[in-house]
Amino acid sequence: MAQWNSKRGRQSGASRGSGMNNKRAARPSGAGAASFSDDSLRIYIILGVFALLVLGLFSRLAYVQLVAADDYADSARNSRTSVIKVTPRRGTIYDRNGTVLAISVDATTIYANPSEITDLEAETAQIASVLGGTPADYQKKIAQGSSSFAYVKRQADVKLAEQIKAMDLDGIYFLEDTRREYPCGQVGGQVVGFCNLDGVGVAGLELQYDELLSGTTGKVVAEYGRNGIPIPDGVGDKESSVDGQDIVVSIDVVMQEAMERILEDYTEQLGVDTGSVLVDGKTGEIFAAASTPLFNPADSSKSKPDSTVLKPLTKSFEPGSVFKAVTSLKLLETRTMNPKSKLYCPAEIEADGYKVTDSHERPAETMTLRKIMADSSNIGVSLSTEKMGFDKLNQAIDQYGLKDATGVDFPGEPDPIVPDFSGWSRIQGYNISFGQGITQTPLQMARFYGALTNGGVACTPHFLVSKPQSDETVKYEKTKIIDDKKALKNQISLLKAVVEEGTGTPGHIEGYHVAGKTGTAEVASDQGGYKKGIYNISFIGFLAESTSSLVCYTGAYELDAEGNVSPIFKDIMQEAIERYNIVSK
């Protein structure tokens, strides 16, 4: 057995070996080299791909750890944080006598982490019992938030928030905040304006001086764990807010309240909106301004449409006959006429196919300039202007600053509209001479009348008087628009005649020399032309030869009959006389 196995083994080995050698001997040498190269190439490719994968993996790892680490950390943190704005304490607005018109008071913002609330219905019922409303109201607010943050009540009363805090409700948190309040309510509401919940001014002086009043908003970052539970103390990073600056404005709350009361009384009588503005001709300071319907920023939920619109400052009108003072002043400056100059005035005149008449029927007659102004004759003013030259009227409008806005520090003042003189027709020249076919705001006209009380110097009307924290008194531009003292004196005499013997007699105040002008203007239609039988009526004037340079405009808008609002002027100025101890010189 052993021999046989040994022999077999030798024979088998020889046989295999011999066969292998024979096969190798028979294979060409070139074929063997190719086989070796193919196998090596495959290995190198596999190793190369593997190396690239490893390199990419390490590169990605290095990028994540060294380059993008902060971004990923921020992303992770952002996924479990909520940023809550912290409203700064907004600056206080004071009237000229130190009465607070707008102030920020302490408040508490209540917010929730919905993932922590264990019994939504029970907790919202408890909240509603303190804050008012229904549980469903607060359930809706919470549902509208994210899974980790929702406002429950922004700028809540501090005492009410303390009551809720004492309940120790799951998932309910509190943040110190401020809330804007308006102690005078409706009085001066249109002037002051209001803010939104974020403390941003959206109307009136709150909007005009938003940047100054608002300061810088801060923030609190509330951070939560994986399960939505806040990290202890409920907040992370903080950025402190910077309080805004206080301002003192020209409004006199006592005078403002009197004006608003008078306007509301006449609104009820006339059945239309009314508006008025009281401006100091020597300084440009606006003591009072309002239009109906009035606006209460302390309770804006009850406001009526357009109640936030301060019409005397922001709404353009065709001024009508109050503009005749512009025309008459230029007649006096050019010496075309003086108060005693006479002019034949037909009952009507025609130009370019249109007829011009006075607002009341009268026979053809010869009239002095004094009577033309006192009776507010459209024909007399038209023919006087044509005699002077319409180009002189156009120059006057420019000279007196009536082609530009006043620059009042209040949002929404429109530019006047005065047609380019190159396109004036004869009828257009007539119309413009008595205040039709152009637009002005009441304030723009008040600035012009103010110059009559101030020796020909027009002042920029304004509200802001000072900034107490910086001890800064604000300066405003003054422009000399009238140099002719004789013309000024004669102009005032013409305006006194309007009240003493003309259309403005209801504005007369016993013991004072009222100088002013009535106005009746047709109202432009959106379809072109004018609304039939609809008028804007106005009166603007001042107390000549007195210790006051206050100018008062008052008007009633879209009245369905011609009328006279000089009694509104009279009531307002009588309040001013008593308030400021105005006496005749």
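Note that the coordinates shown come from a computational prediction; the quantities given were computed from them, not determined experimentally.
Formation of a donor-acceptor pair under 3.5 Å by the Q436 side chain with backbone atoms of E522 is found in this model. With R180 contributing its side chain and G199 its backbone, the two residues share no donor-acceptor pair below 3.5 Å. Within the 3.5 Å criterion, the main-chain N or O of L294 finds no donor-acceptor partner in the side chain of Q190. Side-chain atoms of D409 come within 3.5 Å of backbone atoms of L464 as a donor-acceptor pair (strictly under, hydrogens ignored). Of the possible donor and acceptor atoms, none in the side chain of D571 sits under 3.5 Å from a partner among the backbone N and O of I262. Of the possible donor and acceptor atoms, none in the side chain of D358 sits under 3.5 Å from a partner among the backbone N and O of H360. With hydrogens and angles disregarded, a donor-acceptor distance shorter than 3.5 Å links the side chain of N454 to the backbone of V457. At least one donor-acceptor pair under 3.5 Å links the side chain of E318 to the backbone N or O of G437. Looking at T267, its side chain never comes within 3.5 Å of a backbone N or O of T292 through a donor-acceptor pair. With hydrogens and angles ignored, the 3.5 Å screen pairs no side-chain donor or acceptor of N536 with any backbone N or O of G555.
Checked against R90 for a salt bridge (Lys or Arg N to Asp or Glu O under 4.0 Å), the options D210, D243, D198, D246 give a single hit: D210. Partner I540 forms a side-chain contact (heavy atoms from CB on, under 4.5 Å) with one of F323, F448, Y449 and no other, that one being Y449.
The distance from the NZ atom of K517 to the OG atom of S328 is 9.0 Å, given to the nearest 0.5 Å. For the atom pair OG (S466) and CZ (R96), the distance works out to 10.5 Å, reported to the nearest 0.5 Å. For the atom pair M573 CE and F539 CZ, the distance stands at 10.0 Å (nearest 0.5 Å). Atoms CG and OG, from L543 and S584 in turn, are 7.0 Å apart once rounded to the nearest 0.5 Å. A distance of 6.0 Å separates CG in L402 from CE in M445, rounded to the nearest 0.5 Å. Here NE2 of H513 is found 7.5 Å from CD of E500. Values are rounded to the nearest 0.5 Å.
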* To do: Give the C-alpha distance, both sets of side-chain angles, the deciding distance and a yes or no for side chain to side chain contact (heavy atoms under 4.5 Å, CB included) between D306 and D273.
  => CA-CA 11 Å; D306 287 338; D273 290 348; over 6 Å; no
* Asked: Where do L369 and N338 land on the side chain to side chain contact (heavy atoms under 4.5 Å, CB included) test, with the steps shown first?
  -> CA-CA 7 Å; L369 181 58; N338 63 51; over 6 Å; no
* Asked: Step by step, would you call S382 with I349 a side chain to side chain contact (heavy atoms under 4.5 Å, CB included)?
  -> CA-CA 9 Å; S382 297; I349 56 177; 4.1 Å; yes
* Start with the C-alpha distance between L443 and I286, add both sets of side-chain angles, then the distance that settles side chain to side chain contact (heavy atoms under 4.5 Å, CB included), and finish with yes or no. => CA-CA 10 Å; L443 183 65; I286 301 173; 4.3 Å; yes
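Side chains of Y266 and T554 form no contact here, defined as non-hydrogen atoms less than 4.5 Å apart. Residues L488 and L452 meet the side-chain proximity criterion, which asks for heavy atoms closer than 4.5 Å. Contact of the T327 side chain with the S384 side chain is not registered, since no non-hydrogen atoms from C-beta on lie closer than 4.5 Å. No side-chain heavy atom of L494 sits less than 4.5 Å from a side-chain heavy atom of V498. Side chains of L495 and V499 form no contact here, defined as non-hydrogen atoms less than 4.5 Å apart. With a 4.5 Å cut-off on side-chain heavy atoms, T385 and Y430 do not count as touching. T274 has its side chain out of reach of V565: every pair of non-hydrogen atoms, C-beta onward, lies at least 4.5 Å apart. Residues M367 and L383 have side chains not in contact (no heavy-atom distance under 4.5 Å, counting atoms from C-beta outward).
The two residues T453 and K282 make their nearest non-hydrogen contact at O-NZ, 4.0 Å. Here the closest heavy-atom approach between residue T547 and residue N581 is recorded as OG1-O, 4.1 Å. Looking at every heavy atom in both residues, D415 comes nearest to A405 through OD1-CB, 3.5 Å. The nearest pair of heavy atoms linking P567 to N564 is CD-O, 3.6 Å. Contact between C184 and L101 at its shortest, heavy atoms only, is SG-CD2, 4.1 Å. In terms of heavy atoms, I481 sits closest to A458 at CD1-CB, 4.0 Å.
T336 and T334 share a side-chain donor-acceptor pair at under 3.5 Å. Side-chain atoms of T441 and E413 include no donor-acceptor pair closer than 3.5 Å. Side-chain contact, S321 with T520: no donor N or O sits under 3.5 Å from an acceptor N or O. Side-chain polar atoms of T99 and N97 form no donor-acceptor pair below 3.5 angstrom. In summary, the side chains of E260 and Q256 do present a donor paired with an acceptor at a separation below 3.5 Å, with no hydrogens or angles considered. With hydrogens and angles left out, the side-chain atoms of S377 and D375 include no donor and acceptor closer than 3.5 Å. Checking N394 against K403 by side-chain atom types alone, a donor-acceptor pair falls below 3.5 Å.
The aromatic rings of F194 and F295 sit tilted, their planes meeting at an angle between 30° and 60°. Note on ring orientation: taking the six-membered ring where Trp is involved, the planes of F463 and F410 are tilted (angle from 30° to 60°).
Within the structure, every pair that satisfies the salt bridge (charged side-chain N to carboxylate O under 4.0 Å, His left out) test and touches residues 483-493, not counting sequence neighbours, is listed here: R335-D484.
Checked for salt-bridge contact, E333 and K392 miss the test: no charged N lies under 4.0 Å from a carboxylate O.
The local environment of NZ in K371 is sparse, with at most 12 non-hydrogen atoms from other residues, nucleotides or ligands closer than 6.0 Å. Summarising the local packing, OH of Y354 is surrounded by 12 or fewer heavy atoms from other residues, nucleotides or ligands at distances under 6.0 Å. The local environment of CD in Q469 is crowded, with over 12 non-hydrogen atoms from other residues, nucleotides or ligands closer than 6.0 Å. Atom CD of E257 has 12 or fewer heavy atoms from other residues, nucleotides or ligands within 6.0 Å.
Proximity of the aromatic rings of F317 and Y557 is defined here by a centroid distance below 6.0 angstrom, and this criterion is met. Separation of the F287 and Y580 ring centroids falls under the 6.0 Å cut-off.
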